[in-house]
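Right, one structure below, let's go through it.
We use all heavy atoms of the structure for the numbers below, so side chains are in, but hydrogens, waters and symmetry mates are not. Here is how names work: the chains are called A, B, and so on, in the same order as the sequence lines, proteins then strands, and each is numbered from 1.
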Protein chains: 2
Amino acid sequence: MNKTKVVFNAEKLETSCELMRALAHPLRLRILEFIDRNGTINVNKIYHSLKIEQSITSQHLKIMRLAGVIDAYREGKFVHYSINYDVVKRAEIAVNNFLAKSA
Amino acid sequence: MNKTKVVFNAEKLETSCELMRALAHPLRLRILEFIDRNGTINVNKIYHSLKIEQSITSQHLKIMRLAGVIDAYREGKFVHYSINYDVVKRAEIAVNNFLAKSA
DNA sequence: TTCAAATATTAAATTTTTTTAATATTTAAT
DNA sequence: ATTAAATATTAAAAAAATTTAATATTTGAA
C-alpha cells in the first residue's frame, strides 16, 4: 500500500534476475543450505549427505559458481565449496529494491 | 567466510523457492517494477507501456498473483494490480536467511 | 606408469516454462 | 439484446532448464 519509487535500471534488473534464478531451485537451495551449515565442504560430502547424483550435484554447483553465489578451491583430489556471502547479499539487496518502508 | 548456521526447514525452503521463482523472470521483474513505480495500475497500461502482448502480460500477472507477490481488484472493466509488499518482504527474508552478518 | 577416487563435462532425453495465437469471459455502453 | 473494450483462459508450439547416463579430467597413491 506504499509506493517505493525504486530506481531500477535494466542492467540491475538483469543481474538481479540472474542471481535469483541461480538460487530459485529446490535442489540448489538444499545444497546451498548444506554448504552454509558446514562452512566449507567438498562435493563428495554434499552429494552423499543429500543423496543426490554426483553429476547433478556438480552441475548445480557449477550454476551457482557461475552466478558467483559460491566459491570453490581445489585441494588435492577434492574441491571445496563455500558460500560467497557478499553475492548472496547482493541477491537480497536486489529483492529489497522492490520493498517499501512499510510492512 | 562467515558461517550462518541458518535454521531452514523444508517448508520454508519450499516457500522461499516458490517465491523466488515467481520473481526470477526478466519480464516479471519489469512488470513488477512498473507496478511498483505506479502504485496501482491496470493491465492495459502495463502492456501498452512495456510493449508486451496482452496475453503474456496476463499470464505473468497470474503467476505473480498466485505467488502472492501482487494483488488485484476489479473496477468495472478494469483490473488493477498492486504490489503486495509484505510478500515481497518475505522473499527478501528468504534470501536473507542465507546471509552471514558479514559483508 | 597404472590405477582408482573425486570431480567435471557432454550429449541426449525429459520435464518445465514461456510464448503464440486463438477463443472465452466480464462489463459497460449503445 | 448487441457490441466493443478489457482481461483471462486455453491448447499447441517453442524454448529453456533439468536429469540421465556415459565419458573425460585431475590428482594422489600403489
Legend entry - Pairing nucleotide - C:dT30, Watson-Crick or G-U, each distance under 3.5 Å: D:dA1
[X] [atom1] to [N] [atom2]: how many Å, rounded?
X	N	atom1	atom2	answer
B:Ile52	C:dT18	CD1	P	13 Å
B:Leu27	C:dT17	CG	C1'	13 Å
B:Lys77	C:dA29	NZ	C1'	8 Å
A:Tyr73	C:dA6	OH	C1'	15 Å
B:Arg74	C:dT26	CZ	P	8 Å
B:His80	C:dT26	NE2	C1'	14 Å

Legend entry - First encountered from the 5' end of DNA chain D, between A:Ser55 and A:Ala24: A:Ala24
Inset, instruction - Could you pick out which residue, A:Arg28 or A:Gly76, lies toward the 5' side of DNA chain D when each is mapped onto its nearest nucleotide? - result: A:Arg28
Legend entry - Test item: A:Val43 and A:Tyr81 side chains (from C-beta on) under 4.5 Å apart, heavy atoms: yes
Inset, instruction - Could you check if a side-chain atom of A:Ile63 sits within less than 4.5 angstrom of a side-chain atom of A:Val69, using non-hydrogen atoms only? - result: no
If you look at every heavy atom in [X] and [Y], which pair is closest and at what distance?
X	Y	value
B:Leu23	B:Arg28	O-CB, 4.4 Å
A:Arg21	B:His25	NH2-CD2, 4.0 Å
A:Leu29	B:Ser16	CD1-CB, 4.4 Å
A:Ser82	A:Thr40	CB-OG1, 3.6 Å
B:Ala67	B:Ala22	CB-CB, 3.3 Å

Legend entry - Start and end of chain A contact along DNA chain D [non-hydrogen atoms, under 4.0 Å]: D:dA17 to D:dG28
Legend entry - Reported OH-to-CG distance for the pair B:Tyr47 and B:Leu61, which is rounded to 0.5 angstrom: 11.5 Å
Legend entry - Side chains of A:Ser55 and A:Gln59, donor plus acceptor under 3.5 Å: yes
Inset, instruction - Give me the residues of residues 57-64 of chain A where at least one heavy atom lies under 4.0 Å from an atom of DNA chain D, by number, or none. - result: A:Gln59, A:His60
Legend entry - Closest-nucleotide ordering on DNA chain C, the 5'-leading residue of A:Gln54 and A:Arg21: A:Gln54
Legend entry - First encountered from the 5' end of DNA chain C, between A:Asn42 and B:His25: A:Asn42
